[in-house]
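Only heavy atoms go into these numbers, but all of them, side chains included; no hydrogens, no water, no symmetry mates.
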Amino acid sequence: MAPINTRLPKGMRDFLPHEVLKREYVFGVITDVFQTFGFEPIATPTLEMLDTLLGKSGEEADKLIFHAQHPGGKEALALRYDLTVPLARYVAMHENDLSMPFRRYHIAPVWRGDRPQKGRYREFYQCDVDIVGVASMAADAEIVSLLVAALRRLGFADFTVHINNRKLLNGIGIYAGVPEAQSGDLYRSIDKLDKIGLDGVKKELAASGIADDAIGRMMDLLQYREDGLAALGSVRDQLRGVPIAQEGITEIEQMVDYLDALGVDQFTVDLAMVRGLGYYTGPVYETMITRPDNLGSVTGGGRYDRLIGLFRKESMPTTGSSLGIERIIDLMDLLDLYPAEVTRTVVQVLVSVFEAGTQGASLALANELRAAGIRTEAYMNPKRAIGKQVQYADRKGAQIVAFLGPDEIQAGRVKFKRLRDGHEVEVSRAEAAQAVRALLG
RNA sequence: GUGGCUGUGGUGCAGUGGUUAGCACGUCUGACUGUGGAUCAGAAGGUCGAGGGUUCAAAUCCCUCCAGCCACCCCA
């Protein structure tokens with residue numbers, strides 16, 4: 001009989017034990033940083049009503065939403081596309097039970113019917129942190145500060161948070177005279193500045209049918225981009241007659257002040273950074289790893305003061321970011337950032353078994369070690385040669401093997417061998433757990 | 001949705017028209033009935049991604065489809 005073939009849905013993966021252990025380590029570090037900053041955990045269903053998700057993140061996003069229909073189902077359901085839109089729904093639904101401002105984090109899988117490629121999957125985890133109910137740029141600065149802290153805690157050193165502001169971008173569009181309908185094309189082209197250069201942007205804008213004089217004015221502004229923070233003064237002068245741009249610039253300046261207060265300096269003001277999602281209204285930020293530079297951004301977020309307003313009468317100012325955990329994990333491997341205590345197996349001690357008659361004694365020893373909080377596996381097949389049992393322990397990455405043969409049992413003792421260096425000790429049963437701890441060092 | 005590359009035992013590969021498709025690693029058994037990454041001997045494991053075509057003959061050439069990877073679009 002032909003076995004059933006084993007393929008997985010496109011863009012979805014299985015994880016081996018050692019991979020899960022690494023992922024859990026990353027989740028753990030990030031969770032710890034989130035909590036240190038005073039954020040609370042929440043959870044929401046993987047499925048939402050389709051209407052909850054549609055039309056929130058932009059047309060492109062709608063096309064990538066996974067529809068999830070039960071054969072007899074009457075209501076249209078979908079797998080969540082991100083954790084931000086569910087948050088907006090959640091806040092509107094539970095506002096009675098939440099104290100404002102509400103700071104929450106959420107680590108969970110999301111689904112996108114995207115075409116997979118490097119660092120990109122159809123099912124992947126996002127780690128979101130958001131502050132609901134604070135209009136001040138202090139909230140935005142705190143989010144950025146948190147992102148920097150989390151990345152540093154994971155061991156990243158070479159990265160930069162790029163900061164821009166949607167109001168400023170809008171203002172630039174207005175100043176250049178680009179019609180509202182074409183602002184999407186405009187932003188998209190600007191965002192590619194790094195990839196295609198000023199000339200490339202110019203060509204793309206022309207191809208989108210944007211007027212030459214508008215392009216010229218755009219180019220004048222984008223030239224300041226290199227100056228980062230220092231560009232703001234020139235841009236402010238240039239955009240003197242555009243109130244929305246002035247507002248955006250003021251927001252950036254305030255944010256920068258707060259970042260200084262928080263001791264954050266790993267950021268840059270980047271006039272050409274645009275975030276694709278449709279709901280952003282103010283500051284936007286995105287982190288680029290600067291050393292290996294092929295995996296794209298590793299965090300992305302911004303302020304979306306109007307999103308919650310789609311789910312209740314009045315909106316609430318909200319800002320937050322998502323950490324792209326999958327890319328972070330890929331990079332952790334690439335840069336070898338895992339500490340030694342992240343091991344390939346959960347097992348610290350493998351208790352070997354010599355013969356059928358001593359299996360009970362081996363189990364009893366395992367039980368004692370477990371009671372002392374040591375992660376212990378008892379080998380189950382007494383017929384298997386001891387050498388093979390040691391080999392098994394070594395292959396799977398266990399650190400210590402316990403030997404408990406007739407001689408030791410007779411003497412009330414036990415022998416432990418540390419596989420890393422072959423070092424062996426023999427101790428009384430009463431000292432077993434202590435000896436293991438010493439060997440684990 | 002568009003384009004490029006790839007598809008041979010569990011994994012990584014060789015084999016570019018000619019007898020029963022090879023190799024390495026892994027797995028299993030034994031030499032070794034109280035101790036690991038070694039050595040030796042042996043074994044299991046493949047409808048060569050699928051279907052069609054060309055040919056006396058196809059893993060090899062042609063067509064279609066499927067899948068994977070990479071890039072674009074977009075995004076974490």
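Using Watson-Crick or G-U wobble geometry with both donor-acceptor distances under 3.5 Å, B:A14 finds no partner in any strand shown. In this entry B:A21 has no Watson-Crick or G-U wobble partner, no candidate having both defining distances under 3.5 Å. Across all strands shown, B:C72 forms a Watson-Crick or G-U wobble pair, both distances under 3.5 Å, with B:G1. A 3.5 Å limit on both hydrogen-bonding distances identifies B:G42 as the Watson-Crick or G-U partner of B:C28. Nucleotide B:A67 is matched to B:U6 when pairs are restricted to Watson-Crick or G-U wobble geometry with both distances under 3.5 angstrom.
Side-chain contact between A:Leu439 and A:His423 is present, with at least one heavy-atom pair separated by less than 4.5 Å. Side-chain contact between A:Leu259 and A:Ile163 is present, with heavy atoms from C-beta onward closer than 4.5 Å.
In the model, A:Thr44 has a side-chain atom that pairs as donor or acceptor with a side-chain atom of A:Arg80 under 3.5 Å. Side-chain N/O atoms of A:Asp130 and A:Tyr304 include a donor and acceptor closer than 3.5 Å.
Rounded to whole angstrom, the span from the CG atom of A:Asn381 across to the P atom of B:U35 amounts to 17 Å. As a whole-Å value, the separation of A:Ile289 CD1 from B:A76 P is 15 Å. B:U35 atom C1' lies 17 Å from atom OH of A:Tyr392, rounded to whole Å. Atom-to-atom, CG of A:Asp128 to C1' of B:A76 comes out at 10 Å; the value is rounded to the nearest Å. Between the CG atom of A:Asp14 and the C1' atom of B:G68 there is a distance of 15 Å, rounded to whole Å. Distance A:Lys388 NZ to B:G36 C1': 10 Å, rounded to the nearest Å. The CD-P distance, from A:Glu426 to B:G34, rounds to 16 Å in whole Å. For the pair A:Arg122 CZ and B:C69 P, the interatomic distance rounds to 11 Å; values are reported in whole Å.
For the P atom pair drawn from B:G51 and B:U39, the interatomic distance equals 40 Å after rounding to whole Å. Taking atom C1' on both nucleotides, B:C32 is separated from B:C25 by 23 Å, rounded to a whole Å. Taking the C1' atom of each, B:U47 and B:A43 are spaced 23 Å apart, rounded to whole Å. To the nearest whole angstrom, the two C1' atoms, one in B:C69 and one in B:U27, are 28 Å apart. Rounded to whole Å, the separation between the C1' atoms of B:C23 and B:G15 comes to 10 Å. With both ends at atom C1', the span from B:C73 to B:G17 equals 42 Å, rounded to whole Å. Here the separation of B:C48 from B:G22, taken at their P atoms, is 14 Å to the nearest Å. Of the P atoms belonging to B:G52 and B:U60, the separation is 14 Å, rounded to the nearest Å.
Checking B:G34, B:A76, B:G36 against every side-chain atom of A:Pro406, the shortest atom distance belongs to B:G34. Checking B:C69, B:G68, B:C73 against every side-chain atom of A:Lys10, the shortest atom distance belongs to B:G68. Residue A:Lys118 places its side chain closer to B:C70 than to any other of B:A76, B:C70, B:C28. Comparing atom distances between the A:Arg115 side chain and each of B:G34, B:G1, B:G36 picks out B:G1 as nearest. Listed nucleotides B:G36, B:A76, B:C28 differ in distance to A:Arg384; the shortest reach to its side chain belongs to B:C28.
Ring centroid separation for the pair A:Phe34 and A:Tyr105 comes in under the 6.0 Å cut-off.
In this structure, A:Arg23 is positioned above the aromatic face of A:Phe15, its NZ or CZ under 6.0 Å from the six-membered ring centre and within 45° of the axis.
Between A:Lys415 and A:Tyr125, the residue whose closest nucleotide on RNA chain B is further toward the 5' end is A:Lys415. Residue order along RNA chain B, read from the 5' end via each residue's closest nucleotide, puts A:Gly11 first among A:Gly11 and A:Arg120.
Note that OH of A:Tyr121 is 15.0 Å distant from NZ of A:Lys10, once rounded to the nearest 0.5 Å.
Applying the 3.5 Å distance criterion, the base of B:G36 shares a donor-acceptor pair with the side chain of A:Lys417. Residue side chain A:Glu408 reaches the base of B:G34 through a donor-acceptor N/O pair under 3.5 Å, judged by distance alone.
Phosphate contact (OP1/OP2 of B:U27, side-chain N/O of A:Arg395, threshold under 4.0 Å): present. Using a 4.0 Å cut-off, no side-chain N or O of A:Gln117 falls inside it from OP1 or OP2 of B:C69.
Ring pair A:Phe27/A:Tyr125 is tilted by interplanar angle, where 30° to 60° counts as tilted.
The aromatic ring of A:Phe354 does not stack onto the base of B:G34, failing the criterion of a centre distance under 5.5 Å from the six-membered base ring together with planes under 30° apart.
If you check every strand for non-hydrogen atoms under 4.0 Å, A:Lys192 touches sugar and phosphate atoms only. No contact: A:Glu355 has no heavy atom under 4.0 Å from any strand.
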